[in-house]
There are 2 protein chains.
Amino acid sequence: MTDASTPRRLGFLLTQLGTFASARFAERVRDLGLVPSDAGVLRLLSRNPGMSQRDLAGRLGTVPSRVVVLIDSLEGRGLVARTRSPSDRRNHELRLTDAGRTTMGALRGIAEAHEHELFASLDDEERRLLQGILAKLAADFGLDTEVHPGYSERGQ
Amino acid sequence: MTDASTPRRLGFLLTQLGTFASARFAERVRDLGLVPSDAGVLRLLSRNPGMSQRDLAGRLGTVPSRVVVLIDSLEGRGLVARTRSPSDRRNHELRLTDAGRTTMGALRGIAEAHEHELFASLDDEERRLLQGILAKLAADFGLDTEVHPGYSERGQ
DNA sequence: TATTGTTATACTCTATAACTATA
DNA sequence: TATAGTTATAGAGTATAACAATA
């Protein structure tokens with residue numbers, strides 16, 4: 001069909017694999033009753049307890065009104081708690097509940113399994129090389145080490 | 001903030017970079033007045049002229065009704081033509097018009113530039129290694145060499 | 001007057017199901 | 001009766017703008 005001789009473009013491969021990895025992660029996360037956006041928020045809050053909703057919006061690259069919906073959902077399931085800031089009562093401080101921390105632990109397990117599955121066919125040397133190259137590229141483009149781009153419907 | 005010591009997970013990096021690459025490609029494509037889904041369809045039709053809408057739906061992993069919308073739009077802009085199949089008048093044969101082929105040429109230029117931009121910081125050896133590893137992973141998961149996962153709102 | 005969070009609303013994307021025309 | 005394509009419709013996800021509470 002297509003030209004099997006020409007090596008596929010790197011950008012194409014990167015997009016294809018990134019999309020595949022996201023979709024696969026989303027599947028796994030669904031087993032916990034979460035969507036990928038939930039996972040992103042839990043992850044961020046576990047590392048930055050007490051964040052305000054505006055902080056979170058900025059970090060996720062979205063608008064405050066979207067954060068309301070995300071947090072409403074997580075709060076409704078008892079995974080995140082809002083508490084009004086004593087110093088400025090306009091602010092909500094966001095934190096994981098105990099249940100939220102438990103879920104976060106499960107998410108770490110899922111990420112581990114995901115990692116194993118994706119890179120099963122690579123040897124240690126290849127993993128090391130890939131890690132080095134991808135980290136370099138991520139640095140080139142200033143990609144945030146904590147924030148996942150797909151806070152919405154994507155993976156991890 | 002976060003543990004800068006621990007190397008970032010490969011899966012995380014892959015998703016992050018894949019998403020970034022998609023978004024960047026989408027920006028470039030927009031300069032041609034196209035959305036990424038358009039680019040995916042043009043690409044597929046340039047390699048498989050005469051495809052039916054059902055073939056295309058199957059290839060894109062979507063439903064026939066979605067293809068109607070995609071092709072309506074491209075046909076409206078004069079980039080794709082529908083012709084009824086003489087052998088079975090239920091079928092539409094899809095082909096690029098001359099204008100569609102011209103646009104396809106421009107898309108190839110964009111893909112080239114995109115590639116340059118993304119991997120500017122890598123030397124030849126690194127590119128070769130990355131290509132090898134990513135191609136191996138793509139093969140592991142049976143990713144189609146012709147079809148871009150994001151026929152919808154993603155890149156390339 | 002400015003800022004945080006919320007609500008109301010509208011828009012985009014996409015899929016499901018009913019429909020038509022051809023076979 | 002079965003298949004290709006189309007249309008109508010509804011749902012999910014997300015953003016914009018108006019609003020209420022607090023500073």
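Please read these numbers as outputs of a predicted model, since none were measured by experiment. Residue numbering restarts at 1 for every chain, and letters A, B, ... go by the order of the sequence lines.
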Side-chain heavy atoms of B:Thr19 within contact of A:Thr19, under 4.5 Å: no
Stretch residues 71-81 of chain B: residues that reach within less than 4.0 Å of DNA chain D through a heavy atom: none
Separation of atom CG in B:Asn91 from atom C1' in D:dG5, rounded to whole Å: 9 Å
Minimum side-chain heavy-atom gap B:Val41-B:Val67 below 4.5 Å: no
Summary of salt bridge (Lys or Arg N to Asp or Glu O under 4.0 Å) pairs that have at least one residue in residues 103-113 of chain A, sequence neighbours excluded: A:Glu112-B:Arg9
Of A:Arg89, A:Arg90, A:Arg95, the residue whose pairing with A:Glu93 passes salt bridge (Lys or Arg N to Asp or Glu O under 4.0 Å): A:Arg95
Sugar-phosphate or base contact per nucleotide [nucleotides 18-23 of chain D; S, B, -; heavy atom under 4.0 Å]: ----BS
Whole angstrom value for the distance that separates P of D:dA4 from CE of B:Met51: 13 Å
Close side-chain approach of B:Leu14 and B:Leu134, heavy atoms under 4.5 Å: yes
Between P of C:dC13 and CG of B:Leu60, the distance in whole Å: 16 Å
Gap between atoms CG and P, on B:Leu56 and D:dT6 respectively (whole Å): 12 Å
Length of the line joining B:Arg54:CZ and D:dA4:C1', which is rounded to integer Å: 6 Å
Short side-chain N/O contact to C:dT7 OP1/OP2 from A:Arg66, under 4.0 Å: no
Partners passing side-chain hydrogen bond (donor to acceptor under 3.5 Å, both in side chains) against A:Ser52 (at least two apart in sequence or in another chain): A:Asp55
Residue pair A:Arg24 / A:Arg28, side-chain heavy-atom distance below 4.5 Å: yes
By side-chain contact (heavy atoms from CB on, under 4.5 Å) - contacts of B:Arg101 (at least two apart): B:Leu96, B:Asp98
Heavy-atom check, side chain of A:Leu32 versus side chain of A:Leu107, under 4.5 Å: yes
A:Asp124 CG: over 12 foreign heavy atoms closer than 6.0 Å: no
Bend angle of the helix from C:dT1-D:dA23 to C:dA23-D:dT1, from helix axes over five pairs at each end, nearest 10°: 20°
Heavy-atom donor-acceptor pair, B:Ser65 side-chain to C:dT16 base, under 3.5 Å: yes
Rounded distance [0.5 Å steps], CZ in A:Arg47 versus CZ in A:Arg59: 9.5 Å
Whole-Å distance separating the CG atom of A:Asp55 from the C1' atom of C:dT3: 13 Å
Integer-rounded Å distance: C:dT12 P and B:Leu70 CG: 16 Å
Among D:dG5, C:dA15, D:dT14, the nucleotide that comes nearest once only the side chain of B:Val63 is considered: C:dA15
Nearest-angstrom distance from the residue atom CG of A:Leu94 to C1' of C:dG5: 11 Å
Short side-chain N/O contact to D:dG13 OP1/OP2 from A:Ser37, under 4.0 Å: no
Distance (rounded to the nearest 0.5 Å) between A:Gln53 CD and A:Leu94 CG: 5.0 Å
Shortest side-chain distance from B:Gln53, nucleotide among D:dT6, D:dT14, D:dA4: D:dT6
